[in-house]
Every structure is written in C-alpha cells, then in structure tokens.
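To keep things clear, I will list the structure first and then write my remarks on it.
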Amino acid sequence: MPELPEVETVVRELNRALPGRRIRRVEVFRRDALGDVPTAVFADALAGRGFGPIARHGKFLLFRLDPSGFLVAHLRMTGKFILSDPLPGPQPHQRVWFHLADGQLLIFQDLRCFGTLAYVERLEDAPNLARLGLDPLAKDFTSRWLGEALAGSHAPLKHWLMDQTRIAGLGNIYACEVLFRSALSPKRRACRVRPEEARRLHRAIRAVLKLAIRKNGTTISDFQRVDEKFGEFQRYLKVYGREGEPCPACGAAIRRIPQQQRSTFYCAKCQS
DNA sequence: AGCGGAACCTGTCGGC
DNA sequence: TGCCGACAGGTTCCGC
C-alpha cells in the first residue's frame, strides 16, 4: 500500500491526534508483525508509555515514546493505523490494539500481515532502519548527490529508485510516475544518466512526492488515512495502472513491462 | 554488483 | 457457478 506520501499522510494525521496521550495496555490478536519478539515482551514494553512526536524515515514510522524508547512501524503492503472509539471486538484484519488511557484505541490493521511493529530503546537498535538511504524530502537530498550516487551503479533506473538503501521512500507507483515526469526510461542504466537528466530526475522526485503529499497520497485499492478517508493522488497518476491508455503527453499507448517481478508502466515514446 | 526466484499472507478479479 | 492463475502500494534471503 504505502509509499512515502502515504506514510507521510499517516504521520501528519497521527501527529495531530496522538502526542501527549498514553498507552494503558496492548492487545495482540495476531502476532506476525512482531517477528521474533514474544507478545508479552512487546506489550509490556509499551504499556504505560506516552506518545511524543511521530517522525518518518522513508516508509518507516517512528513513534517517540515518553519517557523513553520508540515504536518503529512499517506498513509494508496493507498495514494501516486507525484511531477509533472503543469496539466490542477486533474487526477483520485488526492485528493489534493499543488501548489508550483515555479509552480510545489506536488500531494496527493489516490484511496481508507483512507489516512490522517493534519497540526499541534507541533507534540504532531498530532492525533495517540503519540500512536506509537518504529520505528524498531531506535537505541533503540534492541533485548533485543524486548525480554522483547514480554514477556508481549499473542497475536499471526503476530498480535504482526503488532500492531503499539508496533513496528511502519510493515504491512502484511513484518510481513509475517520477520516471515519466523526467522522461527517462525505466530500463536506462543509472550510470548512463547525464548530469542535466539527473537534475530533471531530482526535480521530478521532489515535485511528484510533494504533490502526492498535498493530495494525501494515492488510494488504488485500499490505502486509508487514519480517519478512514482516502488519498486523491490517483487522479493525478499519468502512467501507473494505465496500460493501453494514451500517454498524456504524446498519445502513444502506455506499456506495462515486468521488472524485478513488479509491473512497470511507461511511455516508450516519451521516455528514453 | 546485479538479477531471478521464492518466501512471507490474504484477497480480488478476470478468464474459461 | 466454480476453479485457477495472475496480480497487488514491500522487503528479505538465497544462489548464480
């Protein structure tokens, strides 16, 4: 489900509602998200802690807790957080309930059970977080950095953009959209991108992500915001999911090709 | 280094 | 109607 703009949308909404509130207890209905950590260890670590500000790195949500520690969450394909009034019991696909001291519930819901939740004392202890590359909305993500980073890799641009150890946050939808906007082929080797093309790519990454955040992300099948409203960026998608439709720039049919066992959508005429 | 394939798990949709 | 395969916004691990 979520790529950077969807996670950012969730983070902003949680930040409006959660800081200052306290977890009374944690109820786990299905423990896949916890990995090797025993349910009781996870639940006991969180009980009694308060929520501070929530941050994001790439697609990870980082909940600062009071007086110490972090809840580190990754939504993967279908994870979502929902704030709800008390319920009689878990609704379908609800995996974890964080009972708040004021009676409301912070619900972690995840149809496919790929999402992850972890409590850590220090962010350095969070599995895989340290391997993440630059967040494309951070200040140090410059077109110069991008140009130099591209130069060292033979990977096709689409793979390169989705590699979270290089840039953290782009997934299948936004990688396709960014490449269309920069008129670069998903098959182009990273090291074959010329400096002015790298500048174009950099501008496209920033522009697409910022617009998507302004539209509260993309809802294709089931992305939901914390308040259960939907994103609107799907109305602005130029190529993703539009196989066979005319390219908005030249009218040629949008193509779908497999790359890394994912679908890539692009215009073979505009993108080279 | 890169790439193909499989795995994690559940659901939907289209074709026959 | 019913079964079956393809596909889904993500990531990791393994082997070549």
Side-chain angles (χ1 to χ4, degrees), chain A residues 1-11 29-36 56-61 72-81 90-96 108-118 126-133 136 149-179 186-192 208-209 212-213 215-225 230-244 256-265:
Chain A
M1 160 190 68
E3 305 181 35
L4 188 151
E6 291 75 40
V7 178
E8 180 66 22
T9 298
V10 170
V11 164
F29 304 105
R30 183 160 159 167
R31 46 154 293 101
D32 301 55
L34 310 186
D36 298 333
R56 176 191 60 72
H57 187 170
K59 303 171 194 169
F60 280 87
L61 296 109
V72 177
H74 197 302
L75 304 174
R76 297 288 184 103
M77 301 282 266
T78 52
K80 45 193 86 163
F81 281 105
Q91 304 302 298
H93 311 132
Q94 294 186 353
R95 311 305 187 193
V96 178
F108 180 69
Q109 177 175 317
D110 188 7
L111 184 152
R112 288 176 74 181
C113 301
F114 289 171
T116 60
L117 298 172
N128 304 321
L129 199 54
R131 305 179 49 214
L132 284 188
L150 287 164
S153 167
H154 289 266
L157 269 180
K158 170 82 175 333
H159 301 193
W160 197 94
L161 289 173
M162 288 178 62
D163 180 346
Q164 304 296 301
T165 68
R166 304 183 191 277
I167 298 179
L170 294 176
N172 207 31
I173 294 179
Y174 295 105
C176 291
E177 293 299 311
V178 158
L179 286 169
K187 296 187 274 193
R188 179 94 74 96
R189 304 269 156 187
C191 57
R192 306 298 295 275
V208 167
L209 292 178
I213 289 170
K215 299 299 173 189
N216 294 310
T218 304
T219 300
I220 297 277
S221 59
D222 64 358
F223 168 66
Q224 256 179 34
R225 303 204 257 146
F230 299 105
E232 280 125 48
F233 190 72
Q234 61 273 18
R235 295 198 287 126
Y236 299 82
L237 295 174
K238 308 267 199 214
V239 289
Y240 184 86
R242 301 197 180 282
E243 181 184 17
R256 176 162 72 114
I257 59 167
Q259 270 188 309
Q260 271 208 326
Q261 284 121 255
R262 314 292 298 276
S263 289
T264 296
F265 297 88

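Chain letters run A, B, ... following the sequence lines, proteins first, then strands; residues in each count from 1.
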Quick check: do [X] and [Y] have side-chain heavy atoms less than 4.5 Å from each other?
X	Y	result
A:Leu209	A:Val178	no
A:Glu6	A:Tyr174	yes
A:Arg166	A:Leu161	no
A:Pro156	A:Arg189	yes
A:Val10	A:Lys80	no
A:Thr116	A:Arg76	yes

Phosphate OP1/OP2 of [N] contacted by [X] side-chain N/O (<4.0 Å):
X	N	value
A:Arg30	B:dT10	yes
A:His93	B:dT10	no
A:Arg95	B:dT10	no
A:Thr78	B:dC9	no
A:Ser263	C:dA8	yes
A:His154	B:dC3	no
A:Tyr174	C:dG9	no

Heavy atoms under 4.0 Å, any strand shown: does A:Asp110 hit a base, just sugar-phosphate, or nothing?
-> nothing

Would you indicate what A:Arg31 reaches in the nucleic acid, counting non-hydrogen atoms under 4.0 angstrom: base, sugar-phosphate, or nothing?
-> nothing

Along DNA chain B (nearest heavy atom to each residue), the more 5'-positioned of A:Gln261 and A:Trp160 = A:Trp160

Please measure how far the [atom1] atom in [N] lies from the corresponding atom in [M], and state the result in whole Å.
N	M	atom1	value
B:dG11	C:dT11	P	22 Å
C:dG5	B:dA6	P	14 Å
B:dC3	C:dG9	C1'	22 Å
B:dA1	C:dG10	P	24 Å

Report the stems of DNA chain C as range-with-range entries sorted by first number; a stem here is at least three consecutive pairs, Watson-Crick or G-U wobble, both distances under 3.5 Å, and write none if there are none.
->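 Consecutive-pair runs (3 or more) involving DNA chain C: B:2-8 with C:10-16, B:10-16 with C:2-8.
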
Output yes when a side-chain donor or acceptor of A:Glu3 lies under 3.5 Å from a complementary backbone atom of A:Ile173, and no otherwise.
-> yes

Rounded to the nearest 0.5 Å, what separation is found between the [atom1] atom of [X] and the [atom2] atom of [Y]?
X	Y	atom1	atom2	answer
A:Arg242	A:Cys176	CZ	SG	12.5 Å
A:Phe233	A:Ile213	CZ	CD1	10.5 Å
A:His57	A:Leu129	NE2	CG	7.0 Å

Between A:Thr78 and A:Arg112, a side-chain donor and acceptor under 3.5 Å =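 No - no donor-acceptor pair under 3.5 Å links their side chains.
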
Which nucleotide in [options] has an atom nearest any side-chain atom of [X]:
X	options	answer
A:Pro156	B:dC3, C:dA8, B:dG11	B:dC3
A:Phe114	B:dC8, B:dC3, C:dA8	B:dC8
A:Ile173	C:dG9, B:dC9, B:dG2	C:dG9

How long is the line joining [atom1] of [X] and [atom2] of [N], in whole Å?
X	N	atom1	atom2	answer
A:His159	B:dG2	NE2	P	10 Å
A:Leu111	C:dG10	CG	C1'	14 Å
A:Leu75	B:dC9	CG	P	18 Å
A:Gln260	C:dG10	CD	C1'	12 Å

Going 5' to 3' along nucleotides 11-16 of chain C, which nucleotides have protein heavy atoms under 4.0 Å from the base (write B), which only from the sugar-phosphate (write S), and which from neither (write -)?
-> BS----

